[in-house]
Structures are given as structure tokens and as C-alpha cells.
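A quick write-up on the structure given underneath.
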Number of protein chains: 2
Amino acid sequence: MLPSENKYLTNVSFDTVIFGFTGEELKILILEYQNSGLFALPGGYIRRDENLLDAAKKGVMKRTGLKKIQLEQFHTFGKLNRSDPESSKTIAKGLGYEMPNDHWVLDRFVTIGYYALIDYNQVRPTPNKFSDSINWYSINNLPPLMMDHEEIVQKALEAIRNDLGTKLFGTNLLPEKFTMKELRKVYETILNKKLRRTTFQRKMLSMDILTRHEKLYTGAANKAPYLYSFNKKKANKT
Amino acid sequence: MLPSENKYLTNVSFDTVIFGFTGEELKILILEYQNSGLFALPGGYIRRDENLLDAAKKGVMKRTGLKKIQLEQFHTFGKLNRSDPESSKTIAKGLGYEMPNDHWVLDRFVTIGYYALIDYNQVRPTPNKFSDSINWYSINNLPPLMMDHEEIVQKALEAIRNDLGTKLFGTNLLPEKFTMKELRKVYETILNKKLRRTTFQRKMLSMDILTRHEKLYTGAANKAPYLYSFNKKKANKT
DNA sequence: CATTATTGTATCAATTTGCTACAATAAAAC
DNA sequence: GTTTTATTGTAGCAAATTGATACAATAATG
């Protein structure tokens, strides 16, 4: 039941930071391994017969239940001491296996980091067979993560801050149709600062990447906002 | 003389795109393997007892003769078919070795791409023991590169375009002191477009990251330009 | 000492962004 | 119904940034 060596590349793995937006804050999916108290990013190994990107995509699909996923590679982590064989042994033990000391997963690993931005409400978090839970955690309130996974999360955050605006964004964190306020909230949360309401709206509209739809009547005692969606044809011309 | 397995991580390598600026164009260093007609980026394997970044740094140091090198990781390449065992065999054959079919360097590799920006005139290009030459090639006139190395170069170019301005730049491609015109030329070459002379100068000066030094008298029949250097303290506060 | 090419800035126009104001609601309160 | 309240959408002007032009200040040259 432990992964067999000849099926996978050795010394290489991937880890994914899967972001969701609740409307108020950014959250990421964290696995908890059985009977070990160890928390980790979802990740995995690369089969010898698949592309690196496909391996990562498959991993995210399995954890989220989503089919179409936008994944972006952001950094590869290769410090000498980043791997921790004790953690792997603890995980195996928690599963009821005794891991031999020369098992390949106890070797040193270089891991490629990917981030995914997905619609929080469409996800059906699904643990893998080694873990008994997978849960959303606010990025401001993460459990202690194993190995260098906290560093990986920090790098992912930097990456989405940098990519926001260049690679078209907010899209993937929101449902198909959204209000301008929701979109602004996404930007504010990722950038971790307030944005001017009117300037943001003007900028977004002037970019000519949004399609306006019907109004959204929420029942609130005020003017109803329009719904927008990203006009993908125009948006990709950037 | 072929690299021994137990010293290195398997299935992982690094490749470096080393940029230099001649004053007119961007060039990169390309290795030519002996008696094989194969051109490649400088790269290597990661020793089990060293950090990934150190491995790449050491590689660039050996190829350039430089001690202080700024290296930036930009992308990791992991497509299923990117490795080409035939090339490796040809290289070994050119060196007078017969490579056994089960040799680990013939296996599939995931490679981590780094770029370096260095002072063209300070470099002493030094071939490795497997190659008989290492030369500067204009990025607009590269020889056909082996495997996916052309894709790696393209990604490196994208990366330096994106990083220009955010991560402080131009610095490393120019000598300690440089004129405003030289700095602008660097930007123009990387971005592949003309920049307005006066606006560029105003912008650079207003950023308060340059120190002005003495004038440079070239013998030309016109006003001599000032020399500038980057004020690293202020520059890093961005 | 006039000529020539280039550099460093000033100046003003054009564009973009910051800020404030205000009309247009959607529902609740009266 | 009418008034009240909270928000949305956008206009309008100020402030800041960028674009474009002009011009004084040189460093040789003849």
C-alpha cells in the first residue's frame, strides 16, 4: 500500500496551495494525516508516464472534485534539509505500516509548488487514503504545517499577489457571475489592503473585460448591484 | 568519468540561462558538446549534500569565473518527453565513452530553470569537461538547441521581462558605474521596445535609487554624460 | 569661436488616478 | 403611499503621472 518505486520519479514531488475565497477571507485546503497530528499541503509524486503538470492537476482534481482547474507553477523548493523522513515514518505508522528505512519516500525530495484558485462553494474537499480529513483553513490561522509547507504557502501568497492583474484574476475564486463588490473584496483580500471603490470600478470597467448582466436582488434595503462575468475572449488578449 | 549515481539526486537537474549585455544586444552562454554538434544550456545535477540553489550557483560560477552571482529561479520543466536519451548517448560517445542503457542520466529528468544576469565584460567563459566550447550567442540568433532548451530560453526571457522594474535590475548586466543611456539600452533590449529618453531619465532619477558620480569623457564631440551606480540600500527597500 | 551631437531639465499637454459629491434605487419603517 | 436608510453607479474636478517638445549646457572638431 505504500507507493511503489518504479511507478514514480524519485527525489521529485509536487505540492499544491489550493485557494478559495469565502467572501471575507482567503482559505487553503490542508490535509491531516491519520493518527499523526501532522498537517500538510495536498501533494504527490509524479508517475513516470505522466507530465509534471498533469500529475499536479490530477492531484487537485482528486482533492476538490473539480474538473477544470487553473494551476500555476510558482516555485520549486530544493533545500538540502527540507525533507523530513521522521514525518513520513510517522504518517506510515499512523496508517498501520512500518516503513523500511531505505524506502524511497524517505529520501530527499525537491518539490514543485503549484497554486490553484477555485470557487470555494463548488469544492467537495476529499481526503486521500492516507489522511482522515481535508479542511479549509484561513491563511491567517493555519495549523502548524509539516516540513517547509509554511514557507511554500508564503511563496504562493507572494505569487498570487504578483500575478493579480497580469494574469487575469478573481475569476477563478468567484462564481461565474459576481458583483463588483465581490470582485473588489477578492483583490483587497489578496493584496491585503483597501482599494478605492470608485477607482476600482472605473478601472475594471475601462479594461473592457467584463460583461454586465442582470441585477442581483438580495433583499437588502438599497440599490441592487449588477452582476458581471469575465469576458474571456477579450480578457485573454492582454 | 560519467557521473556516479549515488552522489546525485536522480530525475532532477537544473539549467541556467546566463544573460550578458554587449551594449547592443542580449546574449546568453551556450555550450557545445565535443564531437556531437549538440548545443545546450549550461546545467547540471544536484549533489545529495547540497542545496538546489547552491548547485545552480556553483554551476554558473564554474562557467563564468564570477564569484558573486544573482540567480533567480523562473520555472521548472517536467514534460514527459522532454528528456532525450539519444542526445546523452551522443554526448557520451563524443567524449569516447559508451553509455550503458540503464545509466541514470538516460532516465527522465525534471529540470529547474534559473537565469543569471551578469556583466558581459567580466565573464571568462569556461567550458566544462564534457564540452569543447562555451560561447555567447545573441538571443536573436541561437544555434539549434538540444531537447527543450529553446523553450527554456523563451521562458527565461519572459521572466526577465516580468521581473524588470520589480526586482531591481539592469544592475547586474552593467558594470558598477554606467550612463543613463546604457541603462536605458538595457531596458529597451529586454523589453524589446523603445523607451522615451526624457521620461525614462525622470523616472529613474525620481526613484531615488541612483547615485550620481563623475562625468564620462569618451572623446565624443558632445556633452559628456554622468556616470551612475545603483544605491543598493535604497534600492532594496522596494 | 562657430559647428555638431548629445545630455540634462524645464515646460506644458494628455492621461490616469484620487477624492468628493450626488442621483438612482431596493426594501423597510412609518 | 411617503419617508428613511444603505448602497450602487457615475460624474466632475483636483492631484499625480506620463508624453512630447523645447532648449540651455557642454565636449570635442575644424
Side-chain angles (χ1 to χ4, degrees), chain A residues 23-24 161 164-166 168-170 174-175 177-231 234-235 237-238, chain B residues 23-24 161 164-166 168-170 174-175 177-231 234-235 237-238:
Chain A
E24 289 302 321
R161 272 174 200 143
L164 191 63
T166 57
L168 161 63
F169 257 33
L174 291 171
K177 291 180 184 178
F178 47 85
T179 65
M180 193 61 80
K181 190 179 194 174
E182 288 170 332
L183 185 60
R184 181 162 49 87
K185 267 276 183 186
V186 168
Y187 274 69
E188 289 180 341
T189 307
I190 291 177
L191 299 174
N192 198 27
K193 67 175 178 188
K194 286 270 171 207
L195 299 174
R196 262 163 293 278
R197 181 181 69 93
T198 57
T199 309
F200 181 82
Q201 179 140 343
R202 180 172 52 189
K203 196 74 189 292
M204 280 294 154
L205 293 178
S206 75
M207 288 201 298
D208 200 30
I209 54 173
L210 295 178
T211 307
R212 179 181 281 187
H213 300 280
E214 72 280 7
K215 289 186 173 184
L216 174 70
Y217 298 91
T218 59
N222 49 41
K223 186 172 177 179
Y226 288 104
L227 286 168
Y228 297 89
S229 67
F230 277 93
N231 179 336
K234 286 183 182 171
K237 282 185 187 164
T238 324
Chain B
E24 288 302 319
R161 273 176 199 142
L164 191 63
T166 57
L168 161 63
F169 257 33
L174 290 170
K177 291 180 183 179
F178 48 84
T179 65
M180 193 60 81
K181 189 179 194 173
E182 288 170 332
L183 184 60
R184 181 163 48 87
K185 267 277 185 185
V186 168
Y187 273 69
E188 289 181 339
T189 306
I190 291 176
L191 298 174
N192 197 29
K193 68 175 178 188
K194 286 269 170 205
L195 299 174
R196 264 162 293 276
R197 181 181 68 93
T198 57
T199 308
F200 181 81
Q201 178 140 343
R202 179 173 54 189
K203 195 73 189 289
M204 280 293 155
L205 293 177
S206 75
M207 288 202 298
D208 201 30
I209 54 173
L210 295 176
T211 306
R212 179 181 280 186
H213 301 279
E214 72 279 9
K215 289 187 173 185
L216 173 71
Y217 299 90
T218 59
N222 50 41
K223 186 173 177 179
Y226 288 104
L227 285 169
Y228 297 89
S229 67
F230 276 92
N231 180 335
K234 288 184 182 173
K237 283 185 188 167
T238 322

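Just so it is clear, the structure is predicted and the values come from calculations on it, not from any experiment. Note on naming: letters A, B, ... go to the chains in the order of the sequence lines (proteins, then strands), and numbering restarts at 1 for each one. Values below: all heavy atoms of this structure, side chains included; hydrogens, waters and symmetry mates excluded.
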Inset, instruction - Could you list where the contact with chain A starts and ends along DNA chain C, reading 5' to 3', using a 4.0 Å heavy-atom cut-off? - result: C/dT17 to C/dA27
Legend entry - Spatial distance of atom CE (A/Met180) from atom CG (A/Leu205) [nearest 0.5 Å]: 4.0 Å
Legend entry - Axis bend over the full length of the helix from C/dC1-D/dG30 to C/dC30-D/dG1, computed from five pairs that close each end, to 10 degrees: 20°
Interface polar pairs with nucleotides 26-28 of chain D, N/O, under 3.5 angstrom:
residue	atom	partner	partner atom	Å
D/dT26	O2	B/Lys223	N	2.8
D/dA27	OP1	B/Lys215	NZ	2.8
D/dA27	O4'	B/Asn222	O	2.6
D/dA27	N3	B/Ala221	O	3.2
D/dA27	N3	B/Asn222	N	2.9
D/dA28	OP1	B/Gly219	N	3.4

Inset, instruction - For each nucleotide in nucleotides 11-17 of chain D, reading 5' to 3', give B when a protein heavy atom comes within less than 4.0 Å of its base, S when such contact involves only the sugar-phosphate, and - otherwise. - result: -B-----
Tell me which donor-acceptor pairs under 3.5 Å the side chains of residues 194-204 of chain B have, and how far apart each pair is, sequence neighbours excluded?
none

Inset, instruction - Could you check whether A/Arg212 gets within reach of a base, just the sugar-phosphate, or nothing at all, counting any heavy atom under 4.0 Å? - result: sugar-phosphate
Legend entry - Euclidean distance, B/Ile190 CD1 relative to B/Arg161 CZ, rounded to 0.5 Å: 8.5 Å
Inset, instruction - Please list all pairs passing the salt bridge (charged side-chain N to carboxylate O under 4.0 Å, His left out) test where one or both residues lie in residues 178-192 of chain B, with sequence neighbours left out. - result: B/Glu24-B/Lys185, B/Arg184-B/Glu188
Please table the atom pairs, donor to acceptor, closer than 3.5 Å between any side-chain atom in residues 211-228 of chain B and protein atoms at least two apart or in another chain.
residue	atom	partner	partner atom	Å
B/Arg212	NE	B/Tyr228	OH	3.4
B/Arg212	NH2	B/Tyr228	OH	3.1
B/His213	NE2	B/Ser229	OG	2.7
B/Glu214	OE1	B/Lys177	NZ	3.4
B/Glu214	OE2	B/Lys177	NZ	3.4
B/Thr218	OG1	B/Ala220	N	3.2

Inset, instruction - Quick one: label B/Leu195 by what it contacts on the DNA or RNA (base, sugar-phosphate, nothing), any heavy atom closer than 4.0 Å. - result: nothing
Inset, instruction - Test side-chain contact (heavy atoms from CB on, under 4.5 Å) on A/Phe230 and A/Leu183 and set out the steps. - result: CA-CA 11 Å; A/Phe230 277 93; A/Leu183 185 60; 4.1 Å; yes
